[in-house]
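We use all heavy atoms of the structure for the numbers below, so side chains are in, but hydrogens, waters and symmetry mates are not.
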Amino acid sequence: MKIGLAATTLSLVFLMIACETSEENINPTNKISTSTSTTPNTTTPPTTTTVKPSSQEIYDAFVRLALKNSTGTAQSTIRKWLPSKAQIKIYWDGGRTTALFTALDKVITDMNSLNKFNKMVRTEAVAEADIIINRVDAATHNSKYASFQVSNSSVQGTTFTQWTSDAIVKAIVWLSPTTPANLQNGVLRHELTHALGIGHTENTKSIMIPVISNNNYDFNSFSILDQRVIQILSDNRVKQGHTEASISAVIKEYAAK
């Protein structure tokens with residue numbers, strides 16, 4: 001039986017973010033615009049979250065995010081939570097805040113609307129948690145979670161996933177306590193998306209872009225592109241261990257919507 005611990009480093013420049021070990025760095029000074037300016041009598045362009053991607057764009061994004069994932073390999077397989085896992089229980093360990101709990105509830109609501117098999121719920125029992133979020137300094141995290149070591153404390157988040165035979169069984173999310181408040185929601189949403197088995201993409205219409213720069217992205221929602229990727233991955237016809245050839249028809253079905 002294959003048992004794996006993912007340790008992949010992902011970086012975002014607005015967020016250098018993390019996945020299967022994914023890590024995110026944020027440089028808000030020169031990588032992200034936190035304010036917008038408008039010119040009278042002009043129409044503000046839609047944010048990247050509302051821009052409708054083409055069918056080919058959705059197809060390519062899914063292959064990159066869920067198959068090639070963070071490794072960028074030419075051939076890979078689907079890793080996901082089993083559809084029979086009716087609830088994915090999330091426990092927030094260190095560094096809780098009211099604002100971040102509100103953000104977490106929004107992410108959970110959005111994910112649950114897209115995934116009819118694996119419903120995310122919060123739990124206060126760490127022993128039953130499938131996903132643990134820990135927002136503390138790296139040294140404190142590493143002393144408590146010895147098997148999930150943060151190697152680069154300058155990044156804003158890291159997600160470690162464990163799997164058995166391509167079925168995800170656990171995820172540990174580390175969030176930096178020094179992330180600027182205006183970027184915390186984006187880092188949280190990005191990292192929890194990694195916990196679904198989704199990697200990085202170069203497509204600026206996705207929250208999973210490793211470098212977000214001046215994209216006017218709404219960190220409080222999933223783009224249309226992200227929605228389709230999550231819907232495809234959660235479809236019961238898309239099994240852990242599947243290759244692109246196995247599920248090409250399913251990807252095309254959602255891409256055409």
Side-chain angles (χ1 to χ4, degrees), residues 3-32 34 69-71 79 88-108 120 122-164 168-200 207-212 219:
I3 299 177
L5 166 63
T8 307
T9 301
L10 310 182
S11 59
L12 225 97
V13 172
F14 108 54
L15 289 161
M16 236 169 130
I17 326 189
C19 167
E20 280 183 23
T21 304
S22 72
E23 301 178 352
E24 336 303 345
N25 272 339
I26 295 186
N27 187 340
T29 302
N30 41 17
K31 294 299 179 183
I32 278 199
T34 57
N69 207 300
S70 303
T71 60
R79 289 195 187 113
I88 299 175
K89 297 181 179 181
I90 301 174
Y91 175 79
W92 197 302
D93 191 359
R96 304 181 182 199
T97 69
T98 300
L100 282 173
F101 255 40
T102 299
L104 174 60
D105 286 341
K106 179 66 166 64
V107 176
I108 288 174
M120 289 190 170
R122 279 204 275 131
T123 180
E124 288 301 316
V126 64
E128 66 181 27
D130 302 297
I131 298 175
I132 296 175
I133 301 172
N134 199 27
R135 182 175 169 267
V136 296
D137 65 86
T140 300
H141 173 89
N142 289 345
S143 66
K144 186 169 186 178
Y145 295 99
S147 297
F148 307 94
Q149 296 283 297
V150 176
S151 59
N152 183 357
S153 60
S154 68
V155 301
Q156 301 307 308
T158 300
T159 296
F160 305 88
T161 57
Q162 285 183 311
W163 64 86
T164 300
I168 299 174
V169 295
K170 193 175 187 67
I172 304 293
V173 175
W174 172 76
L175 300 176
S176 170
T178 63
T179 299
N182 64 313
L183 298 179
Q184 287 177 345
N185 287 11
V187 177
L188 176 62
R189 184 173 291 266
H190 181 108
E191 294 303 329
L192 284 176
T193 305
H194 278 317
L196 294 179
I198 294 173
H200 281 156
I207 189 70
M208 305 314 290
I209 184 82
V211 179
I212 294 180
F219 303 131

The complete set of salt bridge (Lys or Arg N to Asp or Glu O under 4.0 Å) pairs with one or both residues in residues 130-139, sequence neighbours excluded, reads Lys85-Asp130
Tell me the closest heavy-atom pair linking Thr161 and Ala171, and the distance in Å. CG2-CB, 4.1 Å
Does any part of the side chain of Gln149, heavy atoms only, come nearer than 4.5 Å to the side chain of Phe160, both counted from C-beta? no
Got a donor-acceptor contact below 3.5 angstrom from the Asn134 side chain to the His141 backbone? no
Would a 4.5 Å heavy-atom cut-off, applied to side chains only, mark Leu175 and Glu191 as touching? yes
Are side-chain N/O atoms of Thr123 and Glu128 paired as donor and acceptor at under 3.5 Å? yes
Work out which heavy atom in Pro177 is nearest to a heavy atom in Trp174; give both atom names and the distance. CD-CZ2, 4.5 Å
Judged by atom type as modelled, is there a donor-acceptor pair below 3.5 Å linking the side chain of Arg189 to the main-chain atoms of Phe219? yes
Leu104, Asp93, Leu100 screened by side-chain contact (heavy atoms from CB on, under 4.5 Å) with Ile133, the one that passes: Leu104
For the residue pair Trp92 and Val126, establish whether any side-chain heavy-atom pair is separated by less than 4.5 Å. no
Heavy-atom side-chain contact between Asn185 and Leu188 under 4.5 Å: no
Students often mix this up, so state it plainly: with edges at 30° and 60°, are the rings of His200 and His190 parallel, tilted or perpendicular? tilted
Can you find a pair of side-chain heavy atoms, one from Ile131 and one from Leu192, that are under 4.5 Å apart? yes
Taking side chain as C-beta onward, heavy atoms only, is Ile132 less than 4.5 Å from Val173? no
Closest heavy-atom contact between Gly94 and Val136? CA-CG1, 3.9 Å
With heavy-atom distances below 4.5 Å as the criterion, would you say the side chains of Phe148 and Gln162 are in contact? yes
Using the salt bridge (Lys or Arg N to Asp or Glu O under 4.0 Å) rule, collect all pairs that involve residues 149-159, keeping only residues at least two apart or in two chains. none
Less than 4.5 Å apart, side chain to side chain, heavy atoms only: is that true for Arg122 and Ile108? yes
